[in-house]
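Please read these numbers as outputs of a predicted model, since none were measured by experiment.
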Amino acid sequence: MRDTSNWLSAVASAGYSAKTIMYSMLGLFILSSVITAADREKATQEQVFVTLKSQPFGQVLLGILIAGLVSYALWRWLQSILNTESLDMTKAKDIIMRVFLFVSGLFYFGAAFLGAKVLIGGHTGGSSSGGDSKGEQVSQQLMQYQWGIYLVAAIGVGILVFAFMQFKHAYKADFLKKFEQDKLTGHKRKTTTVVGRIGYFARGIVYLLVGSFFVVSAIQSDPSEAGGLQQALQTLTQQTFGLYMLAAVGVGFIMFGIYCGFEARYRRYLAEACKPTTPF
């Protein structure tokens, strides 16, 4: 059991380290977009991969990041399959959480796959064909089917629920329960609390906008209304004090990256009920 705990810790730690890089770079791209609107298109996962690849030893750096993303996807699947959080399968919310963990793994594996395509030269960081966002492309494909509008609406509602979960984490700081309490003490706990709250709130803002895009797309039967991170950033800039809001989101993403760094170092990888016990 101790060996199991050790390799779970190694896999998860590598994954959270990769998230630290992803969110920190996305935050820096968002902050740079406050200065020039042209940089706003760089606030994507693909541009993170392209930027890393363009650095000295970039292919090595990108390869390490891809390995980390694969590790995080594997960790999410293990969380779901092994029930590392000791979720109660008689409760609907815990069943939904296990499904969410598995789906989350799929998304991060998809991010790793995109990174691999950039690594081998399949992507160059340009925009998608026709200027359509990925959210718009997904919505457009789904709406070709009779049930597509309902699925697009369901996706939007699901993202909105996820957004409000981020706000809940930011308000209650309940994410601290995921850490080894005897290790996360003093200034480390205070720092984790601050960066976690700011980071989760920033994520909540972005997911709130993205979810709204999908819901509006379904209501109006218009795939062009759907959008992702770039569309959310563009929407923010169109508001009063938009550039300040955009800068705040950028800082929030960087804070979330730092928070993921604390997760990589101090997170609890097995719930109490799953922890190995001393035989004597």
Please enumerate all residues that pass ring pair (Phe, Tyr, Trp, His ring centres under 6.0 Å) together with Y266, with sequence neighbours excluded. none
Please determine whether residues [X] and [Y] belong to a single hydrophobic cluster, defined as Ile, Leu, Val, Met, Phe, Trp and Tyr linked transitively by side-chain heavy-atom distances below 4.5 Å.
{"X": "Y207", "Y": "Y171", "value": "no"}
{"X": "V206", "Y": "Y244", "value": "no"}
{"X": "L160", "Y": "I219", "value": "yes"}
{"X": "I64", "Y": "I21", "value": "no"}
{"X": "M97", "Y": "I95", "value": "yes"}

Flag the pair [X] / [Y] as yes when at least one side-chain heavy-atom distance between them is below 4.5 Å, and no otherwise.
{"X": "I258", "Y": "Y23", "result": "no"}
{"X": "Q59", "Y": "L52", "result": "no"}
{"X": "M25", "Y": "F49", "result": "no"}
{"X": "L236", "Y": "L209", "result": "yes"}

How far does [atom1] of [X] sit from [atom2] of [Y], to the nearest 0.5 angstrom?
{"X": "S9", "Y": "R265", "atom1": "OG", "atom2": "CZ", "value": "9.5 Å"}
{"X": "T235", "Y": "L246", "atom1": "OG1", "atom2": "CG", "value": "11.0 Å"}
{"X": "R268", "Y": "T84", "atom1": "CZ", "atom2": "OG1", "value": "8.0 Å"}
{"X": "I205", "Y": "M245", "atom1": "CD1", "atom2": "CE", "value": "6.5 Å"}
{"X": "F164", "Y": "L208", "atom1": "CZ", "atom2": "CG", "value": "5.5 Å"}

Which heavy atom in [X] sits nearest to a heavy atom in [Y], and how many Å separate them?
{"X": "S104", "Y": "R76", "value": "OG-NE, 3.2 Å"}
{"X": "I66", "Y": "A112", "value": "CG2-O, 3.8 Å"}
{"X": "E85", "Y": "Q79", "value": "OE2-NE2, 3.3 Å"}
{"X": "K53", "Y": "L119", "value": "NZ-O, 3.2 Å"}
{"X": "A232", "Y": "V210", "value": "CB-CG2, 4.4 Å"}
{"X": "T90", "Y": "D88", "value": "OG1-OD1, 2.7 Å"}

For the pair F109 and W77, name the ring-plane relationship: parallel under 30°, tilted 30 to 60°, perpendicular over 60°. tilted
Check the angle between the aromatic planes of F100 and F162 and answer parallel, tilted or perpendicular using the 30° and 60° thresholds. tilted
Between the main-chain N or O of [Y] and the side-chain N or O of [X], is there a donor-acceptor pair closer than 3.5 Å?
{"X": "R203", "Y": "Q166", "answer": "no"}
{"X": "Q181", "Y": "F179", "answer": "yes"}
{"X": "T191", "Y": "K188", "answer": "no"}
{"X": "K19", "Y": "G257", "answer": "no"}
{"X": "S80", "Y": "R98", "answer": "yes"}
{"X": "D94", "Y": "L87", "answer": "no"}

Side-chain donor/acceptor pairs under 3.5 Å, residues 248-256, sequence neighbours excluded:
none

Checking side-chain contact (heavy atoms from CB on, under 4.5 Å) for the pair T51/F29: CA distance, chi angles, key distance, verdict? CA-CA 10 Å; T51 300; F29 288 153; 3.2 Å; yes
Can W75 and Y108 be counted as having a side-chain donor-acceptor contact under 3.5 angstrom? no
Audit row: Q55, L62, side-chain contact (heavy atoms from CB on, under 4.5 Å) steps and yes/no: CA-CA 9 Å; Q55 306 306 309; L62 181 54; over 6 Å; no
Apart from F107 itself, members of its ILVMFWY cluster (side-chain separation under 4.5 Å) are V99, V103
List the residues meeting side-chain contact (heavy atoms from CB on, under 4.5 Å) with [X], not counting sequence neighbours, and say none if there are none.
{"X": "K178", "value": "F175, Y200, Y259, E263, R267"}
{"X": "L78", "value": "W7, L8, L74, L82"}
{"X": "A14", "value": "S71"}

If you count the non-hydrogen atoms of other residues, nucleotides and ligands that lie under 6.0 Å from NZ in K168, is the total more than 12? yes
Near Y16 OH, under 6.0 Å, is it more than 12 heavy atoms from other residues, nucleotides or ligands? yes
